[in-house]
Amino acid sequence: MAVSAPGPPPDLRPADELDAADPLAGFRDEFVHADDEPGFVYLDGNSLGRLPRRAVALASEVVERQWGHRLIRSWNEGWFDLPIRLGDRLAGLVGAGPGEVVLAENTSVCLYKAAVAALGVRPDRTRILTDDLNFPSDVQVLRAAARAAGPEHEVVVVGSDGVHGPLDGLRAALDDRTALVSLSHVAYRSGWSWDLGDVTGMAHDAGALVLWDLSHSVGAVPIDLGAARADLAVGCTYKYLNGGPGSPAFLYVSADLPELTNPVAGWYGSDDPFDFDFNADRAAGATRFLTGTPPVLSAALVGPGLDLVLEAGMDRLRAKSVALTERFLVLADEYLVERGFEVRSPRDADRRGSHVALAHPEARAVGQALIHEESVVPDHRPPDLLRFGFAPLYIRFADVDEAVARMVRVVDSGGADRWREAAPVVP
Ligand SMILES: Cc1ncc(COP(=O)(O)O)c(C=O)c1O
């Protein structure tokens, strides 16, 4: 399947040299790679991360032994506090303290809980600020939270140029009506990455709380919620954390805000669920934001991918991620722009996450041709974007060159014509 690549421009170091010198190279073997698809290049780890080998072993332990043999006894043998223990492990990755992070429902539901809680402690303010780079589910959820808070509440969506976060627009929109600023740390389309501390400080100066969505940054971009003095955050575990499809999201609640209350109070967020008390007190820390029985099977499988990220270390992961996206951009400028692609991600690496978006008038068809003819998997975001995710735990520099070479081949051979009619449910 190897394609004779157009070859990197002379000022780029050969990919095999970089791969040989890569201190993270060994982590690639920690993941399952199907042997029926040699030459497969998976560039969608920003959507669904790969399967860690350790998760395969753990899945059979959790299903066969813990569920199959131990049955109800497993609740006392590690299931009960799993969302809390995994939250504490995750806290180390995002600059949070013990008790500030739990695994809960999906990102959207966690966002709802966090947003309603934030509005509850700013009763005299009626606005939630966000931007048009945010994920649609987030904006839908924020609107639902605003509706729940009252008829005067509204979500103000600040416009951007489609690539860069609208800092000036946010600053101009912030005022004493703003209860909450909620943004995606890394934008799902362009990969724009906000400065957590700057934006949080700006919102605090205006008296607002801040709620970050870390779905596209956790495991790919260093995060220090404590240093940023962030109030609330959520994020998914199935992208760069490789937790598996539908794995539970996490919720961070700053220990400085004990007055925040979970709008969906339930027994798992009480101080003793098995007291079976209608009037139970709330649990301490982020645990009070739990509601019902955790999804034990999928929660358990978050551990292996999280451990791999912790073992690799965020500094090394970030350095490799930047090198991968920089290389892709150099090759895109060299070979893809003349073929109708346009870079729609920030050029400044400090302001970019671990994926790159390219626009193309036939993005969907080109993406389908790449998947079906060339075993390269990006994803498509309508109307005209292809996203290429560079998960630094398992993507090689050679994969970057190979992907670009195959894109050249697809476009030059008229691949878009062959796949124009394809319309998969999940693009
Ligand atoms: C930035 C962002 N936020 C929220 C979501 C929605 O997550 P969930 O389906 O877990 O609610 C996604 C899904 O991809 C996302 O990318």
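Note that the numbering runs from 1 along the sequence shown for the chain. Counting starts at 1 for both ligands and their atoms, in listed order.
- Using a 3.5 Å distance cut-off with no hydrogens or angles, the side chains of Asp231 and Ser254 do not pair a donor with an acceptor.
- With distances taken over non-hydrogen atoms, the option nearest atom 15 (C) of ligand 1 out of Tyr188, Phe135, Tyr238 is Phe135.
- Remark: ligand 1 atoms within the under-4.0 Å shell around heavy atoms of His216 are 1 (C), 16 (O).
- Surrounding CD of Glu64 are at most 12 heavy atoms belonging to other residues, nucleotides or ligands under 6.0 Å away.
- A salt bridge links Arg171 with Asp168; the closest basic N to acidic carboxylate O contact falls under 4.0 Å.
- Among protein heavy atoms, the minimum distance from atom 4 (C) of ligand 1 is reached at Asp138 OD1, 3.3 Å.
- With respect to atom 11 (O) of ligand 1, the closest heavy atom belonging to the protein is Ser108 OG, 2.5 Å.
- Protein heavy atom closest to atom 14 (O) of ligand 1, with residue, atom name and distance, is Lys239 NZ, 2.9 Å.
- Distances below 4.0 Å separate heavy atoms of Ser215 from the following atoms of ligand 1: 1 (C), 2 (C), 3 (N).
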Exercise. Should Arg28 and Asp22 be marked as a salt bridge (Lys or Arg N to Asp or Glu O under 4.0 Å) after you check the CA-CA gap, both sets of side-chain angles, and the distance that decides it?
Worked result: CA-CA 11 Å; Arg28 186 176 162 83; Asp22 174 11; over 6 Å; no

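- Taking the centre and axis of the six-membered ring of Tyr394, the NZ or CZ atom of Arg50 falls inside the cone set by 45° and 6.0 Å.
- Between the side chains of Arg282 and Thr261, no donor-acceptor pair is found at a separation under 3.5 Å.
- For atom 1 (C) of ligand 1, the closest heavy atom belonging to the protein is Asp213 OD2, 3.4 Å.
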